[in-house]
Number of protein chains: 2
Amino acid sequence: MGTPLPRDPIADAQRNWERHGWGDVAAPMAAITAIMRTQQILLARIETVLKPFGLTFARYELLALLSFARSGALPMNKASALLQVHPTSVTNAVDRLEKAALVARSPHPTDGRTTLIELTAEGRTLAKKATAALNAEVFGKSGFRPDDVDHLIRVLGTFRRDAGDFTEE
Amino acid sequence: MGTPLPRDPIADAQRNWERHGWGDVAAPMAAITAIMRTQQILLARIETVLKPFGLTFARYELLALLSFARSGALPMNKASALLQVHPTSVTNAVDRLEKAALVARSPHPTDGRTTLIELTAEGRTLAKKATAALNAEVFGKSGFRPDDVDHLIRVLGTFRRDAGDFTEE
DNA sequence: TCCAAACCCTTGGATGTCCTAGTATATTGC
DNA sequence: GCAATATACTAGGACATCCAAGGGTTTGGA
C-alpha cells in the first residue's frame, strides 16, 4: 500500500530480538511474523481479484468447496470443519451468499438439526469464473519458485498436522 | 477447531484442482492455502498467550514496536508504515491502548498534523512481560525445524521484497 | 419410556482490517 | 503572499472471525 520501506521491518525486528538477548527465538519469531505478513499480502491480492465478482475470499472458499462436493450439497457443520473456520463464520457467509442467490439452504432429510447448503446454477457458474480468475491472476503468478512451493507445502503440511488439523499420513 | 480431520483438506483441494485440469497451478494454490491456514493457527496461539495480559496481537505489535524505538515515541504514520497496516488500524489500536493507559498520544513538536505515540511506564512493563510469554510459549515452540525456519525466512523474505514491502538487499 | 447430554445452527457482542470521506495542518508554486 | 496540492489523523461503514449464549433436535443411558 504505502511506499516500499528502505529496510525489511521483519529483519529489523529479528535484530532487535537478538540485541535483547532473545537470540534463541529470534529466527522463529521472524519466520512467524513473515508468515503473517505474507498471508496479508496474498489475501489482499485474492480479494482484489474476487471483488469484481462480488465475492470475498471467505465466500469464494465456500463456493469452491460446494462445487467439488459430489452431491452438490454439504451440511453447514461439514463445511465448517473442512474450511476450518468457526460455525458462525459459515453462517455469516451463507447468509450473504444466499442473499446473492448463489447458494440455498435446505433442511437435512433425516436430521432435523442439520442444514444443507447447495449451490444454485448461478453460484456454480460464478465459482467457475472466479476460480479461473484466481488461477490466472494469483496462483499462476505467486512468485514462488517451484521447489520453494514444494518445500512450503511439505513444511506447512507437517506444521498443520502437528497442530491437530488432520491425522492422515 | 473441532476434532482433527481424517485427511488433509488442502491436499484434497490440490487433488481437486489437478482433477479439473488446473494441474499447472495446483501446487501454488496449495502452498498459498497452507500459508493462510498456518497464519490462522499461529494467530490463535498468539492471541491465547496474550489474552491474560489483556492484549491482542495488533495491540501487542504496536507496544513492541514502541519499546524498540530509540526515543520511545513514534508518529502514527511511521507506526503504520512499519507495521504495514492501514492508518485507521493504528488509530483503532491506539484508541484502545490509550484507554488502557499503556500508551499516550502527544502532539508533534514541529508538525501540527502529526501525533506521536509514546509508551507509558505501565505499557513498557507489560510489553516486556508479554514478549517473554510469547517467546516462551509460541516462538520457542514453533514446531518448525531450524533449517525450515531459515528457509521460510529466506523464501518469504524474497516474496515480500518482490511484493514491494521493502527495497533493501 | 424419558430425561439429560450432545449436537447443530443462529443471534449478539467484541475486535481487527480495509475503504471512503472529511478536517486540519504543511508545503509548493505562481 | 495566497491558492492548490499533499500529508496526517479520525469518523463511519462493510466484512470477517471468534466467543458466549440460546433454542431446537437427536441420542443414549437409567
Side-chain angles (χ1 to χ4, degrees), chain A residues 1-3 36-37 39-48 50-51 53-63 74-100 103 105-117, chain B residues 1-3 36-37 39-48 50-51 53-63 73-100 103-117:
Chain A
M1 347 235 72
T3 319
M36 309 293 257
R37 174 57 185 157
Q39 186 267 354
Q40 190 181 15
I41 294 168
L42 289 169
L43 181 59
R45 288 187 189 175
I46 290 171
E47 298 274 13
T48 298
L50 291 178
K51 199 178 189 74
F53 299 98
L55 291 175
T56 62
F57 186 48
R59 299 179 214 167
Y60 166 76
E61 276 195 298
L62 188 50
L63 284 189
L74 277 180
M76 309 248 322
N77 66 333
K78 193 111 182 185
S80 169
L82 291 173
L83 296 176
Q84 320 213 237
V85 295
H86 202 278
T88 54
S89 298
V90 176
T91 296
N92 186 325
V94 170
D95 283 350
R96 298 170 193 282
L97 287 171
E98 194 173 35
K99 207 165 294 179
V103 307
R105 279 180 167 96
S106 64
H108 190 285
T110 66
D111 189 335
R113 297 170 298 183
T114 302
T115 300
L116 293 177
I117 339 167
Chain B
M1 6 119 217
T3 321
M36 310 291 259
R37 174 58 186 157
Q39 186 267 353
Q40 190 180 14
I41 293 168
L42 289 169
L43 181 60
R45 288 186 188 174
I46 291 170
E47 299 274 13
T48 298
L50 292 177
K51 198 179 189 73
F53 298 99
L55 291 175
T56 62
F57 186 49
R59 297 179 214 168
Y60 165 76
E61 277 196 297
L62 188 51
L63 284 188
L74 277 180
M76 309 250 320
N77 64 336
K78 195 110 183 185
S80 168
L82 291 173
L83 295 177
Q84 321 213 237
V85 295
H86 202 275
T88 55
S89 298
V90 177
T91 296
N92 186 325
V94 171
D95 283 349
R96 299 170 193 280
L97 287 171
E98 194 172 36
K99 207 165 296 180
V103 307
R105 280 180 166 96
S106 65
H108 190 285
T110 66
D111 189 335
R113 299 169 300 181
T114 301
T115 301
L116 294 176
I117 338 170

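What you see is a predicted model, and the numbers here were worked out from it, not measured in a lab. Chain naming here is simple, since letters A, B, ... match the order of the sequence lines and numbering starts at 1 in each. Side chains included, hydrogens not; waters and symmetry mates left out as well; all remaining heavy atoms used.
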Extract from the structure each pairing of a protein N or O with an N or O of nucleotides 15-17 of chain C at less than 3.5 Å, listing the distance.
| residue | atom | partner | partner atom | Å |
| --- | --- | --- | --- | --- |
| dT15(C) | OP2 | Arg96(B) | NH1 | 3.2 |
| dT15(C) | O3' | Arg59(B) | NH2 | 3.2 |
| dG16(C) | OP1 | Thr56(B) | OG1 | 2.3 |
| dG16(C) | OP1 | Arg59(B) | NE | 2.9 |
| dG16(C) | OP1 | Arg59(B) | NH2 | 3.4 |
| dG16(C) | OP2 | Arg59(B) | NH2 | 3.3 |
| dG16(C) | OP2 | Arg96(B) | NE | 2.8 |

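- With sequence neighbours excluded, no residue forms a side chain to side chain donor-acceptor pair (under 3.5 Å) with Ser106(B).
- Nucleic acid contact for Thr91(B): base, since at least one base atom lies under 4.0 Å from a heavy atom of the residue.
- Residues passing the side chain to side chain contact (heavy atoms under 4.5 Å, CB included) test with Gln40(B) are Val85(A), Arg37(B), sequence neighbours excluded.
- In this structure, the nucleotide among dA8(D), dT10(D), dT25(D) sitting nearest to the side chain of Met76(B) is dT10(D).
- Here the side chain of Ser80(B) pairs no donor or acceptor atom with the backbone of Met76(B) at under 3.5 angstrom.
- Contact check, Asn77(B) against dT7(D): no side-chain N or O comes under 4.0 Å of OP1 or OP2.
- Among the heavy atoms of the strands, none lies under 4.0 Å from Ser80(B).
- Among the atoms of the strands shown, none is found under 4.0 Å from any heavy atom of Asp95(B).
- You'll find that the side chain of Pro87(A) is closest to dT10(C), out of dG24(D), dC9(D), dT10(C).
- Under the rule for a side chain to side chain contact (heavy atoms under 4.5 Å, CB included), the partners of Ala58(B) that lie at least two apart in sequence or sit in another chain are Thr56(B).
- Of the candidate nucleotides dA8(D), dT10(D), dC7(C), dT10(D) has the atom lying nearest to any side-chain atom of Arg105(B).
- Within the structure, salt bridge (charged side-chain N to carboxylate O under 4.0 Å, His left out) pairs that include any residue of residues 86-96 of chain A comprise Asp95(A)-Arg105(A) (at least two apart or interchain).
- Note on Thr110(B): only backbone sugar-phosphate atoms sit closer than 4.0 angstrom, heavy atoms only; bases stay farther off.
- In terms of the side chain to side chain donor-acceptor pair (under 3.5 Å) criterion, residue partners of Thr88(A) (sequence neighbours excluded) are, by chain and number, His86(A).
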